[in-house]
Amino acid sequence: MSWKIGEVLPVIKQNVVDLIPEEELIDKLKRKDEIIVKYGADPSRPDLHLGHYVCLKKLRDLQDIGFKIIFIVGDFTAMIGDPTGRSKTRPRLTEEEVRENSKTYFEQVFRVLDREKTVVRYNSEWLAKLTAKDVIEIASTYTVARMLERDDFAKRYRENIPISIHEFLYPIFQGYDSYAVKADIEVGGTDQVFNFLVAREIQKHFGQEPQVILTVPLLEGTDGKLKMSKSYDNYIGLTEDPKEIYGKVMSIPDTLILKYFRLVLYYTDEQLKKIEEHIKNDPRGAKAKLAYEIVKLLYSEKEAKEAEEHFNRVFRERKIPENIPEYAVPVEGKNIIEIVYEAGLVSSKSEARRLISQKAIKINGEPVTNIEAKVKPDGEKIIKVGKRKFLKVVSKNGS
RNA sequence: GGAGGGGUACCCAAGCGGCCAAAGGGGCCAGACUGUAAAUCUGGUGGCUCAGCCUUCGCAGGUUCGAAUCCUGCCCCCUCCA
């Protein structure tokens, strides 16, 4: 196979921040029939979100060009915990946790990648076999001073926040992964540049041609400030309920709308111009379109429509949604606090009391004022907690 | 190994014998408002059989009528010296 550089390069470079160094990539394309692309995933967080999607989409592009994608599950390195961007040492995972987490992983990954064309490897395959002697050799390729160039390490060191020795091993082992799979290209978020550069050193140390680094932008989460991450609780999960996805997209700040269109939906510059115009005239409408398109991307047109209708109904028109979970109450009635607590709408009974005092719990639109209030399953009764939680009261014996 | 500083709620951080379920900020939740789960304003934010009670200030003991605050031991972190 030979590559038509003029055709392939623009695809590779779309939505990419760094391509280091581009000349090496062109050189590889000229010389090599098989281009190996490495992507490493940390199974400590099995729920993938839109931030991962940006990366996976890039991998899919490369896969479609004909590059070979090697998907590395960092089951071994997960026991260290990636210190990237962290202000404190991560808790290390046990082997069982890692195994458990990787299970749910692929179902999500292969919504984007072609399962048939993706090679999956676990880095314990080679890392677990290393001897202490091997580790010393690998570790000797990098110095403490260079490790401390990494801005998160530098920051922690400057601020007297602990850094464990094993955290220095993370970039090194990740680099060794690149050597183990003979990576030509490694793809990841911009926060991975340091690790990817270490990999180049390690490959060179072992006499291998260094990989080319390709980074995609980090997507800010729903808070609009921090990168999307489960630990910041600002993420939109790929397998979340369509209604949740739609709602979460609607909650991003307006300033992020355009970026989402570009990075998640891959809109062209021309299309983006139109969106820009749309945002100016009707920001809410532009965001609604974004939410719709993202649900459509992850599910289908049908779910997107349903999610949109649900959102408009519940939040714009303030009506009750169509499908509400039911809760059975005995005919003699039951205390309102117990109902919302047992139905899982609040995390404690104290919280329920607080919400009642804030007029946040309503029955058929009427705020509950009495803590002692009993709810009987007569007639149509809908309990609403806050803005988005609903419960339909039904009789315990079924009626 | 020596000397000093420190561990407080989801996070940061005050408090240093009773008025401490613990200031302040962030986050989160709610109410009002609206363009929406945006922005802004206001309130709330350990639990419970809730005018009271129970559990929480690194862990385990102790002093005291009373401890986040004082004492002892242990664990952990940081700085400087070696």
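Quick caveat, the model's predicted, so the values are computed rather than measured. Note on naming: letters A, B, ... go to the chains in the order of the sequence lines (proteins, then strands), and numbering restarts at 1 for each one.
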(message) Given U36(B), G35(B), G46(B), identify the nucleotide with an atom nearest to the side chain of P283(A).
(response) G35(B)
(message) On the side chain of Q358(A), is there an atom forming a donor-acceptor pair with the base of G31(B) - under 3.5 Å, no angle test?
(response) no
(request) Determine the sole option in K204(A), Q203(A), K182(A), K28(A) for which the side-chain hydrogen bond (donor to acceptor under 3.5 Å, both in side chains) test with E209(A) is passed. (result) K28(A)
(request) Determine the interatomic distance between C1' on C12(B) and the same-named atom on G7(B); round to the nearest Å. (result) 14 Å
(request) Using only heavy-atom distances, determine whether the side chains of K38(A) and S178(A) contain a donor-acceptor pair under 3.5 Å. (result) yes
(request) Hunt down the Watson-Crick or G-U wobble partner of U42(B), both distances under 3.5 Å, from any strand shown, or write none. (result) A30(B)
(message) Using atom C1' in both nucleotides, what's the gap between U64(B) and U45(B) to the nearest angstrom?
(response) 34 Å
(request) Just name whichever nucleotide pairs with C59(B), Watson-Crick or G-U, keeping both distances under 3.5 Å, else none. (result) G73(B)
(request) For D223(A) and for I252(A), find the nucleotide of RNA chain B with the closest heavy atom, then tell me which residue's nucleotide is more 5'. (result) D223(A)
(message) Going by purine N1 to pyrimidine N3 plus the second Watson-Crick contact, or the G-U wobble pair, all under 3.5 Å, which nucleotide sits opposite A22(B)?
(response) none
(message) Quick one: does any side-chain atom of D254(A) pair with a main-chain N or O of R284(A) as donor and acceptor, under 3.5 Å?
(response) no
(message) Counting the benzene-type ring for Trp, do Y176(A) and Y179(A) have ring centres under 6.0 Å apart?
(response) yes
(message) I need the CG-C1' distance between N312(A) and U36(B), as an integer number of Å.
(response) 10 Å
(request) Pick base, sugar-phosphate or nothing for G386(A), based on heavy-atom distances below 4.0 Å to the nucleic acid. (result) sugar-phosphate
(request) Starting from C1' on A37(B), measure out to NZ on K319(A) and report it in whole angstrom. (result) 19 Å
(message) Is it the case that the ring center of F71(A) lies less than 6.0 angstrom away from the ring center of F106(A)?
(response) yes
(request) May I ask you to say what D254(A) touches in the nucleic acid, namely base, sugar-phosphate or nothing, with a heavy-atom cut-off under 4.0 Å? (result) base
(request) Looking only at side-chain atoms of R316(A), point me to the closest of A30(B), U36(B), A37(B). (result) U36(B)
(request) Give a yes or no on whether the ring-centroid distance for Y142(A) and F168(A) is below 6.0 angstrom. (result) no
(request) Classify the angle between the aromatic ring planes of Y246(A) and F311(A) as parallel (below 30°), tilted (30 to 60°) or perpendicular (above 60°). (result) tilted
(request) Hunt down the Watson-Crick or G-U wobble partner of U64(B), both distances under 3.5 Å, from any strand shown, or write none. (result) none
(message) Is there, by distance only and without an angle test, a donor paired with an acceptor across the side chain of D282(A) and the base of G35(B) below 3.5 Å?
(response) no
(request) Check every atom of G46(B), C77(B), A30(B) against the side chain of R354(A) and return the nucleotide holding the closest atom. (result) G46(B)
(message) Within the 4.0 Å heavy-atom criterion, would you say K389(A) contacts the bases, only the backbone, or no part of the nucleic acid?
(response) nothing
(message) If I pick the P atom on G2(B) and the same atom on C74(B), what distance separates them, to the nearest angstrom?
(response) 13 Å
(request) Check every strand shown and say whether E159(A) touches a base, only sugar-phosphate, or nothing at a heavy-atom separation below 4.0 Å. (result) nothing
(message) Using Watson-Crick or G-U wobble geometry with both distances under 3.5 Å, which nucleotide pairs with G1(B)?
(response) C81(B)
(request) Select from F311(A) and K362(A) the residue whose nearest nucleotide in RNA chain B is closer to the 5' end of that strand. (result) K362(A)
(message) Check the phosphate of U36(B) against S251(A), side-chain N and O only, distance under 4.0 Å to OP1 or OP2. Yes or no?
(response) no
(message) Any strand counts, and the cut-off is 3.5 Å on both contacts for Watson-Crick or G-U wobble. Which nucleotide pairs with C16(B)?
(response) none
(message) What is the distance, to the nearest angstrom, from the OH atom on Y341(A) to the C1' atom on G47(B)?
(response) 10 Å
(message) Whole angstroms only, please: what is the CD-P distance between E317(A) and A37(B)?
(response) 12 Å
(request) Measure from the side-chain heavy atoms of K349(A) and tell me the nearest of A30(B), U49(B), C78(B). (result) U49(B)
(message) Measuring only the P atom in each nucleotide, how far is G43(B) from A23(B)? A whole number of Å is fine.
(response) 15 Å
(request) Pick the C1' atom in A14(B) and in G24(B), then give their distance to the nearest Å. (result) 7 Å
(request) Can you figure out which of U79(B), G46(B), A30(B) approaches the side chain of L355(A) most closely? (result) A30(B)
(request) Find the distance I161(A):CD1 to G6(B):C1' and express it as a whole number of Å. (result) 14 Å
(request) Rounded to the nearest angstrom, tell me the gap between atom OH in Y157(A) and atom C1' in U79(B). (result) 10 Å
(request) Answer yes if the side chains of Q192(A) and T215(A) hold a donor-acceptor pair under 3.5 Å, and no otherwise. (result) no
(request) Name the closest nucleotide to the S348(A) side chain, picking from A30(B), C77(B), G47(B). (result) G47(B)
(request) Quickly work out the I356(A) CD1 to U45(B) C1' distance and round it to whole Å. (result) 16 Å
(message) How many whole angstroms separate atom CD1 of I279(A) from atom P of U36(B)?
(response) 16 Å
(request) Could you give the distance separating C28(B) and C20(B) at their P atoms, to the nearest angstrom? (result) 29 Å
(request) Quote, to the nearest angstrom, the P distance that separates C16(B) from C71(B). (result) 15 Å
(message) Measuring from the side chain of R284(A) (C-beta onward, heavy atoms only), which nucleotide among A30(B), U45(B), G35(B) has the closest atom?
(response) G35(B)
(message) Work out how far the C1' atom of G61(B) is from that of A67(B), and round it to whole angstrom.
(response) 14 Å
